[in-house]
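Keep in mind that the numbers below use all heavy atoms, side chains included, and drop hydrogens, waters and symmetry copies. Every chain is numbered from 1 and lettered A, B, ... according to where its sequence line falls, protein lines coming before strand lines.
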There are 2 protein chains.
Amino acid sequence: MNRIHRKVEYALIALKHMRGKNPGERTTVKDMATQYRCPHDVLARVLQTLASRGVLKSEQGVHGGYLIAKDLNRVSFYDLLEMILGPMEVARCLQEPTASADSDPKAPFANDEAAVCELRETCNIVSPIQLLNRKMSEFYRNLSVAELIEAGRSLKSRESAKVNGAQL
Amino acid sequence: MNRIHRKVEYALIALKHMRGKNPGERTTVKDMATQYRCPHDVLARVLQTLASRGVLKSEQGVHGGYLIAKDLNRVSFYDLLEMILGPMEVARCLQEPTASADSDPKAPFANDEAAVCELRETCNIVSPIQLLNRKMSEFYRNLSVAELIEAGRSLKSRESAKVNGAQL
DNA sequence: TAAACTCGGTCTTTTTTAGTCTTATTTCAA
DNA sequence: TTGAAATAAGACTAAAAAAGACCGAGTTTA
Ligand code: SF4
Ligand code: SF4
C-alpha cells in the first residue's frame, strides 16, 4: 500500500552514500550504480534533477562526479519528493493550494481545473481530500532528509536487537 | 505525487454519503454509483470489503443495502487504507512488523525475504525506509475517517456561500 | 416465484512506473 | 590538441499496477 517510488529510493541511497564522504570528495554515478546495483541511467537522471535543484553539485570532466551541496537537515522529505515526483497532489483534482514561492515552469495548469476529474461535479469529498493533502504535505515537510538517512545509526532495530542476527 | 487510489476515494464518498443518513437507513450501491457517477462494480467491491471488516453492514434482499456499522471516530484512515489496499509497506522489502491479528492467506512470505527486492544485499537504506514506514503508519493511524469526512463542515472552502462569515 | 439486491470471481483495458537506448555536451589530462 | 570520462537529456520500450467491465450465483421479500 502506498509504496514509495524507486527513484526516491535511489536518491536516498545516493545521498546516504555521499553523506559518508569527506567534504569536497566526488562520487561518480557509475560508482554508485555498480556498488548498489541500481540502473545507471535512472540514478543519473535522478541525481541530475537533484543537482539542478541545488541539493547536489555536479562536476563534469574526467575527474567529475557529484557531491552534496546543501545541508540535508534543511532539505525536507517533501522537497525531495517534490523534486523527483512533482508537487504533492493527493487526488487528481486540486493543485496544491499552498503554492509556496516557487513557480514551476513545467506546470501549465492555467486551464480549467474541472477537467482533471470527471467526478468533480458530483463529488462530495473535495474538502476531505484537501484536508488530507494539507496534512500529508505537512507531514512530509516536517521530516528532513538528514533525519531519514541517519536512521539506524543511534537506534537499534526495534524489538529484535539481536547482534548475531540476519545477514550482514 | 503519491496520489491516493481511486477505490479509497470511492470508499470515502460512500461513507460520507451514508454518514448523513438516519440510523438504520440503508443505501444501495446502485444509488450511490449513479448519484456520484462512479463505476458500480468497483464501488460494490470496495463496500463488500468494508462490510467484511465490520465497518459497514450489508443487508441483502429486495430492500437491502449498506449502512454504517461502526463509529467512524474509531476507524483510522490507516484502517481504511489497509482494508482496501493491504498492509502498509512503503518499500518492497520489509513486511509491516506490526502484523495485526490477521493472518493473511494470500501472503506466503515464509520464505526468504531477500527475494522481494534484488537490491537488498547491497542496500544501505533499509533503516531509513523502516523509519519512514513507521512514521507514515503512525500518521495514518492518528487520522480518523470521521475527522476526514467531516472536513469542510466547519471550515470555509474556496467559495463559501456562507453569509455568516465563518472564516478560517 | 420472481424481482431486486448483494456477493465474489475472472477477465480486459488503461494508466503509471521502471528501465533502456541513443546522442550531445562538458571537462580535463596526457 | 585530442580523446577519454563524465554529465545531460530526449525518446523509446517493457513491465507492473490499477481501474473497470463482465458474469454467474446466492439472498431476501413483495
Ligand atoms: S473524486 Fe472528488 S476528490 Fe477525488 S479527484 Fe475527483 S473530485 Fe477530487
Ligand atoms: S531498495 Fe533497499 S529499501 Fe528499497 S526495497 Fe530494496 S531493499 Fe528495501
Query - Derivation of the side chain to side chain contact (heavy atoms under 4.5 Å, CB included) call for E121(B) and Y36(A) - result: CA-CA 9 Å; E121(B) 306 302 320; Y36(A) 298 108; over 6 Å; no
Just the atom pairs and distances: protein N or O near nucleotides 23-25 of chain C's N or O, under 3.5 Å.
none

| task | Decide side chain to side chain contact (heavy atoms under 4.5 Å, CB included) for L50(B) and I84(B); before the verdict, give the C-alpha distance in whole Å, the side-chain angles of both, and the deciding distance to 0.1 Å. | result | CA-CA 8 Å; L50(B) 262 52; I84(B) 300 177; 4.0 Å; yes
Measure the distance from [atom1] on [X] to [atom2] on [N] and round it to the nearest whole Å.
| X | N | atom1 | atom2 | value |
| --- | --- | --- | --- | --- |
| K30(B) | dA3(C) | NZ | C1' | 11 Å |
| E59(A) | dC28(C) | CD | C1' | 12 Å |
| K57(B) | dC7(C) | NZ | C1' | 15 Å |

Within the structure, does a side-chain N or O atom of T28(B) lie under 4.0 Å from either OP1 or OP2 of dA4(C)?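 The answer is no; no side-chain N or O of T28(B) sits under 4.0 Å from OP1 or OP2.
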Exceeds 12 heavy-atom contacts within 6.0 angstrom, atom [atom1] of [X]:
| X | atom1 | result |
| --- | --- | --- |
| R3(B) | CZ | yes |
| K7(A) | NZ | no |
| R19(B) | CZ | yes |

- Query: Should R141(A) and M136(A) count as side-chain neighbours, where that means a heavy-atom distance under 4.5 Å?
  - Reply: no
Item checked: No-hydrogen, no-angle side-chain donor-acceptor test under 3.5 Å, T28(B) and D31(B) -> no
Q) Side-chain donor-acceptor pair under 3.5 Å between Y140(B) and N2(A), yes or no? A) yes
Before you tell me yes or no, could you show the steps for S76(B) and N142(B) under side chain to side chain contact (heavy atoms under 4.5 Å, CB included), namely the whole-Å CA-CA distance, both residues' side-chain angles and the distance that decides it to 0.1 Å? CA-CA 7 Å; S76(B) 72; N142(B) 286 335; over 6 Å; no
Protein-proximity profile, nucleotides 11-19 of chain C, B/S/- by nucleotide at the 4.0 Å heavy-atom cutoff, equals ------SSB
DNA chain D: first to last nucleotide in contact with chain B (atom under 4.0 angstrom from a heavy atom), 5' to 3', is dA18(D) to dA30(D)
_Using the rule side-chain contact (heavy atoms from CB on, under 4.5 Å), only one of H17(B), M18(B), E59(B) pairs with Y66(B); which is it?_
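Among H17(B), M18(B), E59(B), the one that satisfies the side-chain contact (heavy atoms from CB on, under 4.5 Å) with Y66(B) is M18(B).
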salt_bridge(E9(A), R6(A)) N-O dist < 4.0 Å
yes
Assert: residue with more 5' nearest nucleotide on DNA chain D, out of Q48(A) and R26(B), is Q48(A)
